[in-house]
There are 2 protein chains.
Amino acid sequence: MKNGYNIAVLGATGVVGRQMIDALEEYKIPVAKLVLLASASSEGKKSPFNGKEITVKKADENSFNGMDFVLGAVENAQAKYFAPHIVKSGAVFIDNSSAFRMDDGVPLVIPEINGEDAKTNSGIISNPNCSTIITLMAIAGLAALSPVKSIIASTYQAVSGAGKKGLEELESQIAALSEGEKPVYSTFPHQIAMNVIPFIGKDTGNAYTSEEMKLQNESRKILHLPALKASCTCVRVPVMRSHSISVAVRFERKITVSEAQKAIRDFPGCRLIEDYEGRCYPTPLDTSNQDLVWIGRIREDLTDENGLLLWCCGDQVRKGAAVNAVQILQLLI
Amino acid sequence: MKNGYNIAVLGATGVVGRQMIDALEEYKIPVAKLVLLASASSEGKKSPFNGKEITVKKADENSFNGMDFVLGAVENAQAKYFAPHIVKSGAVFIDNSSAFRMDDGVPLVIPEINGEDAKTNSGIISNPNCSTIITLMAIAGLAALSPVKSIIASTYQAVSGAGKKGLEELESQIAALSEGEKPVYSTFPHQIAMNVIPFIGKDTGNAYTSEEMKLQNESRKILHLPALKASCTCVRVPVMRSHSISVAVRFERKITVSEAQKAIRDFPGCRLIEDYEGRCYPTPLDTSNQDLVWIGRIREDLTDENGLLLWCCGDQVRKGAAVNAVQILQLLI
């Protein structure tokens with residue numbers, strides 16, 4: 001093991017990028033040099049890391065020379081633009097965008113589930129979609145008991161999924177409503193405060209959105225189950241940063257509720273909620289600003305003897321994005 | 001037809017009771033005399049009706065003499081207490097509580113779906129659960145094409161389901177948050193502003209809540225499908241008064257998306273959302289303070305060839321409660 005690694009964060013001033021910097025510190029990643037990269041408009045901003053202030057630089061094609069790892073927290077277009085330069089520099093690109101997730105030769109990794117996959121890569125490893133991470137963390141312990149055949153999921157997704165602008169939009173709408181003013185919106189297609197919006201991503205042609213199809217496509221790759229079927233409805237709710245998912249999952253054989261509870265209790269990164277302050281369920285507020293996926297309300301599916309229902313919550317910015325990426329990095333060092 | 005009917009509203013000062021009074025006016029029910037009844041603490045309050053102010057009286061055993069219909073908007077215990085007195089008086093009790101819904105001889109009615117059932121009654125007709133009404137309105141047109149085998153539903157339920165106290169609690173929490181204060185709660189088991197709570201009702205012993213089991217039990221009775229199976233997850237969201245439900249429904253045969261769209265377009269009380277302000281979905285805000293159930297996002301269920309997914313929203317206080325009760329009354333006159 002080296003004494004420390006040279007690590008760059010690309011998109012260091014966004015919500016996920018900032019969380020990556022904190023996670024590098026929290027997970028005690030041995031960092032020799034940390035380089036913070038962003039667009040020209042963020043050049044010169046400063047971020048604290050391990051007691052120092054680090055100045056953000058403008059990302060360009062040469063920013064990655066000498067780096068061991070690049071953590072990516074930028075949109076697909078930027079990820080695609082910079083990826084060849086990162087790979088050419090010899091660094092491993094751990095990318096939170098969806099640009100490369102389904103590409104052959106690019107591992108798509110949740111460390112607790114398919115960490116082994118990360119070891120064979122050609123310089124790019126993708127971080128899965130946030131709702132997919134949280135849903136699969138909840139069911140991976142069960143999938144080890146019997147293969148998953150299908151998933152029907154309805155999400156309750158926090159505004160942090162739309163980044164800083166999403167957080168600010170909900171806050172400003174709450175303030176407007178409490179002043180009796182009309183909330184304005186630009187990030188979401190409609191008022192989100194005191195409302196829910198059942199459409200996230202783009203139409204993919206089969207009436208499912210891009211966000212919804214990720215659950216099926218990414219789960220197949222992560223669980224190594226190419227025939228898995230998943231029907232998902234993605235809904236934005238006025239919650240700051242934890243996603244919740246109502247999941248109905250079917251297995252090849254019947255899994256009892258008590259078998260399921262044991263499997264979830266034993267699965268790393270999961271917390272089974274049986275009696276938490278008298279409740280049998282987590283809420284998004286409970287699970288914000290921590291790294292576990294909390295799972296409760298495990299029930300037999302009354303419509304299918306081989307099915308279970310459950311409710312799970314996890315911090316979208318942390319385990320749903322930044323922390324999972326840093327955990328992938330941790331696997332590699 | 002009589003010139004007008006003597007009608008009492010029991011629980012006239014609650015959210016649903018007030019809406020019943022408005023609905024009697026809006027639906028032009030011929031009212032000879034309107035009697036408003038509530039508990040002692042509301043005695044003397046006044047409510048407008050057809051241009052007059054009507055004074056609320058304290059409900060007692062003799063309040064129903066001479067009434068033709070009593071619309072009930074009280075809790076189960078009060079409904080059970082007053083029902084024998086109402087029936088003895090010769091009035092028909094149209095009850096919004098869940099006290100009698102599953103009783104033999106008590107019709108459970110959504111007028112557009114099983115209005116015929118209302119005609120055979122022994123003095124009590126029950127109004128179904130709000131989420132059940134909205135879900136079944138969305139799928140009844142499809143059920144006419146092929147019998148429903150099963151439903152998996154996740155709800156996004158408004159705070160109005162907890163009455164005036166629910167509405168006030170969300171409003172006061174929004175105000176507290178915008179002042180940077182800690183929200184207090186007493187009606188809901190946790191902060192509901194900027195949160196969601198996946199537990200409504202009481203535990204029934206199979207880990208489903210009483211609210212969740214209503215979808216299966218009441219749907220069987222309303223659709224006349226005693227073998228129908230339904231797995232429901234009921235979730236409170238910080239929305240004022242419209243419920244939304246994410247529904248996966250399976251039929252005996254395959255129903256195509258275009259068949260489903262046509263059936264929903266043609267079904268009374270429903271509005272199919274294909275292109276509403278550029279959107280293919282309703283939100284709870286769109287559907288507040290009106291009487292239709294809006295349905296969008298109809299998709300093939302990728303996990304079952306005989307299944308469809310859809311999203312529906314409806315005003316919980318109106319079609320989910322008060323308006324459905326007044327529509328039942330309308331059937332009987």
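All chains are named by letter (A, B, ...) in the order of the sequence lines, taking the proteins before the strands, and each is independently numbered beginning at 1.
- If you measure heavy-atom distances from A/Val196 to chain B, the contacts under 4.5 Å come from both the backbone and the side chain.
- Proximity to chain B is limited to the side chain of A/Glu212, based on heavy atoms less than 4.5 angstrom apart.
- For A/Leu228, no part lies near chain B; criterion is any non-hydrogen pair under 4.5 Å.
- Judged by distance alone, the side chains of B/Ser246 and A/Ser154 do bring a donor and an acceptor atom under 3.5 Å apart.
- When each of B/Ser288, B/Pro238, B/Ala248, B/Cys280 is scored by its heavy-atom pairs under 4.5 Å with chain A, the top score falls to B/Pro238.
- In this structure, CD1 in B/Ile134 is found 5.0 Å from CD1 in B/Ile245, a value given to the nearest 0.5 Å.
- Counted by atom type alone, B/Glu211 and B/Asn129 present one or more donor-acceptor pairs between their side chains at under 3.5 Å.
- When the candidates B/Asp286, B/Leu177, B/Asn195 are compared by the number of heavy-atom contacts under 4.5 Å with chain A, B/Asn195 comes out ahead.
- Of the atoms belonging to A/Gln216, it is side-chain heavy atoms, and not backbone ones, that fall under 4.5 Å from chain B.
- Using a 4.5 Å cut-off between heavy atoms, A/Thr209 contacts chain B through both its backbone and its side chain.
- Taken to the nearest 0.5 Å, the CZ atom of A/Arg250 stands 11.0 Å off from the CD atom of A/Glu305.
- Contacts between A/Ser172 and chain B at a heavy-atom distance below 4.5 Å are absent for every atom of the residue.
- No part of B/Ala153 comes within reach of chain A, as not one of its non-hydrogen atoms sits under 4.5 angstrom from that chain.
- Of the possible donor and acceptor atoms, none in the side chain of A/Gln19 sits under 3.5 Å from a partner among the backbone N and O of A/Arg318.
- Ranked by heavy-atom pairs shorter than 4.5 Å toward chain A, the options B/Asp304, B/Ile298, B/Asp203, B/Ile174 are led by B/Ile174.
- Neither the backbone nor the side chain of A/Cys313 comes within contact range of chain B; no heavy atoms are under 4.5 Å apart.
- Proximity to chain B (any heavy atom under 4.5 Å) is shown, for A/Leu285, by both the backbone and the side chain.
- Ranked by heavy-atom pairs shorter than 4.5 Å toward chain B, the options A/Gln191, A/His190, A/Glu300 are led by A/His190.
- When heavy atoms are compared at a cutoff of 4.5 Å, A/Ser244 approaches chain B solely by way of its side chain, counted from C-beta outward.
- With rounding to the nearest 0.5 angstrom, the CE atom of A/Met213 is 10.0 Å from the CE atom of A/Met102.
- Per-residue heavy-atom pair counts under 4.5 Å with chain B were compared for A/Arg279, A/Glu277, A/Met240, A/Glu179, and the maximum is reached by A/Arg279.
- Of the residues considered (A/Glu171, A/Arg297, A/Lys229), A/Arg297 shows the highest number of contacts with chain B, using heavy-atom pairs under 4.5 Å.
- Within the model, atoms CD1 of A/Ile222 and CZ of A/Arg101 stand 8.5 Å from one another, a figure rounded to the nearest 0.5 Å.
- Taking the six-membered ring where tryptophan is involved, the planes of A/Trp311 and A/Tyr156 are perpendicular, since the angle between them exceeds 60° and thus also 30°.
- The aromatic rings of B/Tyr281 and A/Phe199 lie parallel to each other, their planes meeting at an angle below 30°, with 60° marking the opposite boundary.
- Rounding to the nearest 0.5 Å gives a distance of 9.0 Å between CD of B/Glu259 and CG of B/Leu308.
- Distance check: A/Thr155 OG1 to A/His243 NE2 gives 7.0 Å after rounding to the nearest 0.5 Å.
- Your options are A/Val159, A/Ile151, A/Val235, and the one with the most heavy-atom pairs under 4.5 Å with chain B is A/Val235.
- Between chain A and the residues B/Ser150, B/Pro198, B/Ala175, B/Pro284, the largest count of heavy-atom pairs under 4.5 Å involves B/Pro198.
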